[in-house]
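Taking it in order: structure first as structure tokens, then the write-up.
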Amino acid sequence: MNIFKDFQNNIKEIITKLSEEGTLERDLDLANITVEPPRDPSHGDVATNAAMVLAKQTKMKPRDIAEIIGVKIRALDSVSEVEIAGPGFINVRFCSSLIQKEVIAIIEAGLDYGRSTIGGGEMVNVEYVSVNPTGPLHVGHCRGAVFGDALSTLLDHVGFAVTREYYINDAGGQIDVLARSAYLRYLEALGEVIDEIPEGLYPGEYLIPVGNALAEKYGDKWKNKPESEWLIDIRDFATDKMMDLIREDLDVLGIHHDVFFSELSLHKNGDIQKGLERLEQKGLIYQGVLEPPKGKLPDDWEVRPQTLFKSTEFGDDVDRALKKSDGSWTYFAADVAYHSNKYDRGFKKQIDVWGADHGGYVKRVQSVLKALSDGNAELDVRLCQMVKLLRDGKPAKMSKRSGNFITLRDVVDEVGKDVVRFIMLTRKNDAALEFDFSRVSEQSKDNPVFYVQYAHARVHSVLKKAQAAFNNIDVSEASLIKAPLSLLNDESELMLLKTMINWPRIVQSAALAHEPHRISYYLFDLASQFHALWNKGNDRVDLRFIIEDNEQITLARLAMIKAFSIIIAAGLNLLGVEPLNEM
RNA sequence: GAUCCCGUAGCUCAGGUGGAUAGAGCGCAAGAUUCCUAAUCUUGAGGCCACAGGUUCAAAUCCUGUCGGGAUCACCA
């Protein structure tokens, strides 16, 4: 299935055999040997550093080892050329037939080309979005949402058992604020005049329908009643409504979670105590006093004994508090329970996707998982940096509290789901991202979404054109895999094919590194090779995809671009973007 | 003061867990449309990979330090 993987096995076999024969030493460590396509294509289709890695172990000169191994590699059927270069690289050129045949594999596998099982069915929990249920999603949330979603798809694609999870922060003080804000809207719905939303409450208009619904459900039951009577009912009601709102927003982006996990439930059923007990058994909890933070002190700083977790034993800077001064649990305490819960559900691989403003929080949560699992489980926290929203280069402001922030809905309505998703994945997560409305709606190369989509649409157009040109030529998949692929001989055609066969490697590396943006870059690159090939047909008529008096070569090329469009479509699918046939 | 992230072409950014002569887009300069969508393509100029040390056959990549930019910094979420 994967040419490079096969080839790597070939090389390792060769080395093992040589060492069994006594040509090379025994018990060689092959772990650091890589078999990869070199950056510079003039160095061949694949190169290995085997000779250099083995040089020290065997006390031989790298180039001498390379010669020995090279001879054996040359004998392989799939290889057309071997050359020893530089300090001892073995550069290999594949037979064209090997590359051409891959077109069949691609067409047969369809959108599953690139799928693999290296995850071995291992359970992975990806927690993302997890926005406080106090209002609609705004642009800033968008990035983490898309990132987490694409990463999940990617992991699923390489054989992990992925659970997509949303942690609902429905237990903190912000939820009471939500309840009070909703209460105000409730009074408003009952006919009271609310001039201005008081400072500290959520002013957003999205709470008006909540107030209406409350009025409808409860009538004037809560009117003129003290907060203690209505707080819990209204809180739960409003939280549910907000989650509905958030789910709708996510749906607009094509994002669907498997599990919505309530923080409040941890408080209610005693899971927090349970989580902490486990840390306590390991002797990691104590009563103590923290050093005041360096730099400028908070105004209300005071020395105070606290219940603390020894996160410093796991690399954190200071130990972390689990109880507030009023005796209630901290947010962190709930997180201890939450991550412990995930571990109990069998997730030894956990991924949390957070905003960069939570950077200071990473070590303590990782510490928890390390402590609970005795190092058996790992938590990777992917921090998504800020999105700078621009219009014609001018910044557009957004702030969650103000009520006049730019919502996710605003953005999706303006430029569409696919554009948002793709653009959010055009940077690695830990670099800041600029999102310029004017730029992403352009139909030009400036806009990578468009550029990639255009390549896909072009293929569709050629296939249609071909059918017209050759009366009833059969461009079905079954027909195309029988095309005479050996006719794909031009250098630029082989280049395109070589980039295509890299796809499974790209998927794997992107998944294992937790870096979905690699997919976007690959797709852009692949698309640009296609556009280049297309344009070559302007100068050289013999390179066009459709050669009217030569059905055989036309079929071969149609098979090639069909395979190409499959990879583009598969890639776009991974990103959650729909490939277009026409634009 | 501390922690985390970033520093690569004029601008915006890639660089596949250490590989060979550092890449792409925009912008700039010069070209290509009787022809499958020129919504594209071709060529060129443009670099002390922030700086200084270290690790090794090999460093933009790993380690240490310095400088610049961003985020965060007891009990908030």
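Here is the naming used below: chain letters follow the sequence lines, and residue numbers restart at 1 for every chain. For the numbers below, each heavy atom of this structure counts, side chains included, while hydrogens, waters and symmetry mates do not.
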Review point. What do the steps show when you test A/Gln529 against A/Thr499 for side-chain hydrogen bond (donor to acceptor under 3.5 Å, both in side chains), and what is the final call?
Key: CA-CA 9 Å; A/Gln529 285 194 36; A/Thr499 306; 2.7 Å; yes

Review point. Quick check: does any side chain N or O of A/Arg518 sit under 3.5 Å from a backbone N or O of A/Ile506, one acting as donor and the other as acceptor?
Key: no

Exercise for review: Check if the side chain of A/Asn538 and the base of B/rU33 share a donor-acceptor pair of N or O atoms closer than 3.5 Å.
Suggested key: no

Exercise for review: Can you tell me, in whole Å, how much space there is between the C1' of B/rG70 and that of B/rC75?
Suggested key: 27 Å

**Study point:** A/Arg458 side-chain proximity, nearest of B/rU17, B/rU40, B/rC75
**Key:** B/rU40

Point to revise | Nucleotide B/rC4, atom P - distance to CG of A/Asp316 in whole Å | key: 10 Å

Check your understanding: Nearest to the side chain of A/Pro38, which nucleotide is it out of B/rG16, B/rA20, B/rC75?
Key -> B/rA20

Check your understanding: Using a cut-off of less than 4.0 Å, is there contact between a side-chain N or O of A/Trp354 and OP1 or OP2 of B/rA77?
Key -> no

Practice item. Look at all strands and tell whether A/Phe545 reaches a base, only sugar-phosphate, or nothing, counting heavy atoms closer than 4.0 Å. Key: base

Point to revise | Euclidean distance for C1', B/rA71 against B/rU42 (whole angstrom) | key: 44 Å

Practice item. Determine, for A/Asp490 against A/Arg540, whether the closest basic-nitrogen to carboxylate-oxygen distance falls under 4.0 angstrom. Key: yes

Review point. With sequence neighbours excluded, what pairs up with A/Thr307 under the side-chain contact (heavy atoms from CB on, under 4.5 Å) test?
Key: A/Ile285, A/Gln287, A/Leu322, A/Lys323

Practice item. Salt-bridge test for A/Lys428 and A/Asp430: reply yes if a basic N is under 4.0 Å from a carboxylate O, no otherwise. Key: no

Practice item. Determine the Euclidean distance between corresponding P atoms of B/rC11 and B/rC49; express it in Å to zero decimal places. Key: 15 Å

Practice item. Can you tell me, in whole Å, how much space there is between the C1' of B/rG15 and that of B/rA9? Key: 14 Å

Review point. In whole Å, what is the span from the CZ atom of A/Phe332 to the C1' atom of B/rC75?
Key: 13 Å

Review point. Looking at A/Arg364, does any N or O in its side chain come under 4.0 Å of the phosphate oxygens OP1/OP2 on B/rC73?
Key: no

Check your understanding: What is the glycosidic conformation of B/rU33: syn, defined as within 90° of 0, or anti?
Key -> syn

Review point. From the list B/rG16, B/rA14, B/rU37, which nucleotide is the closest neighbour of the side chain of A/His517?
Key: B/rA14

**Study point:** Closest listed nucleotide, where the reference is the side chain of A/Phe524 and the choices are B/rA77, B/rC57, B/rA24
**Key:** B/rA24

Practice item. Map A/Thr34 and A/Tyr454 onto RNA chain B by nearest heavy atom, then report which one ends up closer to the 5' terminus. Key: A/Thr34

**Study point:** Separation of atom CG in A/Leu533 from atom P in B/rC36, rounded to whole Å
**Key:** 16 Å

**Study point:** Under 4.0 Å protein heavy-atom contact, by nucleotide of nucleotides 60-72 of chain B - B base, S sugar-phosphate only
**Key:** B----------SS

Practice item. Measure up the A/His517 and A/Tyr521 rings against each other and bin them: parallel (under 30°), tilted (30 to 60°), perpendicular (over 60°). Key: perpendicular

Review point. So A/Val368 and A/Phe314, side chain to side chain contact (heavy atoms under 4.5 Å, CB included) or not? Walk me through it.
Key: CA-CA 8 Å; A/Val368 169; A/Phe314 303 89; over 6 Å; no

Exercise for review: Respond yes when some side-chain nitrogen or oxygen of A/Arg427 is under 4.0 Å from OP1 or OP2 of B/rC13, and no when none is.
Suggested key: yes

**Study point:** Span that lies between the C1' atom of B/rA14 and that of B/rA32, in whole angstrom
**Key:** 28 Å

Practice item. Treat a base pair as Watson-Crick or G-U wobble with both distances under 3.5 Å, then lay out RNA chain B in dot-bracket form, 5' to 3', with | for cross-strand pairs. Key: (((((((..((((.....[...)))).(((((.......))))).....(((((..]....))))))))))))....

Review point. Reckon A/Ser461 has a side-chain N or O less than 4.0 Å from the OP1 or OP2 of B/rU37?
Key: yes

Check your understanding: Going through the checks in order, is the side-chain hydrogen bond (donor to acceptor under 3.5 Å, both in side chains) test met by A/Tyr167 and A/Asp352?
Key -> CA-CA 10 Å; A/Tyr167 182 55; A/Asp352 287 2; over 6 Å; no

Check your understanding: Going by modelled atom types, is there a donor-acceptor pair between the base of B/rC75 and the side chain of A/Arg304 at under 3.5 Å?
Key -> yes

Exercise for review: Answer with yes or no whether A/Asn91 presents, from its side chain, a donor or acceptor under 3.5 Å of a partner atom in the base of B/rA20.
Suggested key: yes

Point to revise | Distance, P atom - from B/rG47 to B/rU64, rounded to whole angstrom | key: 32 Å

Exercise for review: Mind checking A/Thr330 for me? I need base, sugar-phosphate or nothing, with any heavy atom below 4.0 Å counting as a touch.
Suggested key: sugar-phosphate

Practice item. Looking at every strand, decide which applies to A/Ala432 at a 4.0 Å heavy-atom threshold: base, sugar-phosphate, or nothing. Key: sugar-phosphate

Review point. Roughly how many Å is it from NZ in A/Lys428 to P in B/rC13, rounded to a whole number?
Key: 11 Å

Review point. Across the strands shown, which category fits A/His531 at heavy-atom distances under 4.0 angstrom: base, sugar-phosphate, nothing?
Key: sugar-phosphate

Point to revise | Stacking check A/Phe89 vs B/rA20 (5.5 Å / 30 deg) | key: yes

**Study point:** Closest-nucleotide 5' rank along RNA chain B - winner of A/Lys324 and A/Trp534
**Key:** A/Trp534

Practice item. Pick the C1' atom in B/rA38 and in B/rU33, then give their distance to the nearest Å. Key: 6 Å

Revision key, fill the gap. Rounded to whole Å, the CG-P distance (A/Asp335 to B/rC75) equals 13 Å

Exercise for review: Would you mind classifying the nucleic acid contact of A/Pro62 as base, sugar-phosphate or nothing, using non-hydrogen atoms under 4.0 angstrom?
Suggested key: nothing

Exercise for review: Would you mind classifying the nucleic acid contact of A/Leu290 as base, sugar-phosphate or nothing, using non-hydrogen atoms under 4.0 angstrom?
Suggested key: sugar-phosphate

**Study point:** Donor-acceptor contact present, side-chain A/Glu81 to main-chain A/Arg93, <3.5 Å
**Key:** no

Exercise for review: Take the angle between the ring planes of A/Phe530 and A/Phe564 and call it parallel below 30°, perpendicular above 60°, tilted in between.
Suggested key: parallel

Point to revise | B/rA24 versus B/rU66 - spacing of their P atoms, nearest Å | key: 36 Å

Practice item. Give a yes/no answer on whether the side chain of A/Lys536 brings an N or O atom under 4.0 Å of OP1 or OP2 in B/rA32. Key: no

Practice item. For A/Asp326, answer base if it contacts any base atom (sugar-phosphate contacts may also be present), sugar-phosphate if it contacts only those atoms, and nothing otherwise; contact means non-hydrogen atoms under 4.0 Å. Key: nothing

**Study point:** Nucleotide nearest A/Asn49 (side chain, heavy atoms from C-beta), chosen from B/rA24, B/rG19, B/rA14
**Key:** B/rG19

Practice item. Measure from CD on A/Glu582 to P on B/rC36 and round the result to the nearest Å. Key: 17 Å

Check your understanding: Does NZ or CZ of A/Arg505 come closer than 6.0 Å to the centre of the six-membered ring of A/Phe4, within 45° of the ring's axis?
Key -> yes

Review point. Across the strands shown, which category fits A/Asp40 at heavy-atom distances under 4.0 angstrom: base, sugar-phosphate, nothing?
Key: nothing

Check your understanding: When rounded to the nearest 0.5 angstrom, what is the spacing between CE in A/Met560 and CG in A/Leu480?
Key -> 11.5 Å

Point to revise | Distance below 4.0 Å between A/Tyr451 side-chain N/O and B/rC41 OP1 or OP2 | key: yes

Practice item. Write down the distance between CG (A/Leu390) and P (B/rU12), rounded to a whole number of angstrom. Key: 12 Å

**Study point:** Sugar-phosphate only, base, or nothing, as touched by A/Lys363 at under 4.0 Å among non-hydrogen atoms
**Key:** sugar-phosphate

Exercise for review: Report which part of the nucleic acid A/Gln306 touches: base, sugar-phosphate, or nothing (heavy-atom distance under 4.0 Å, all strands).
Suggested key: sugar-phosphate

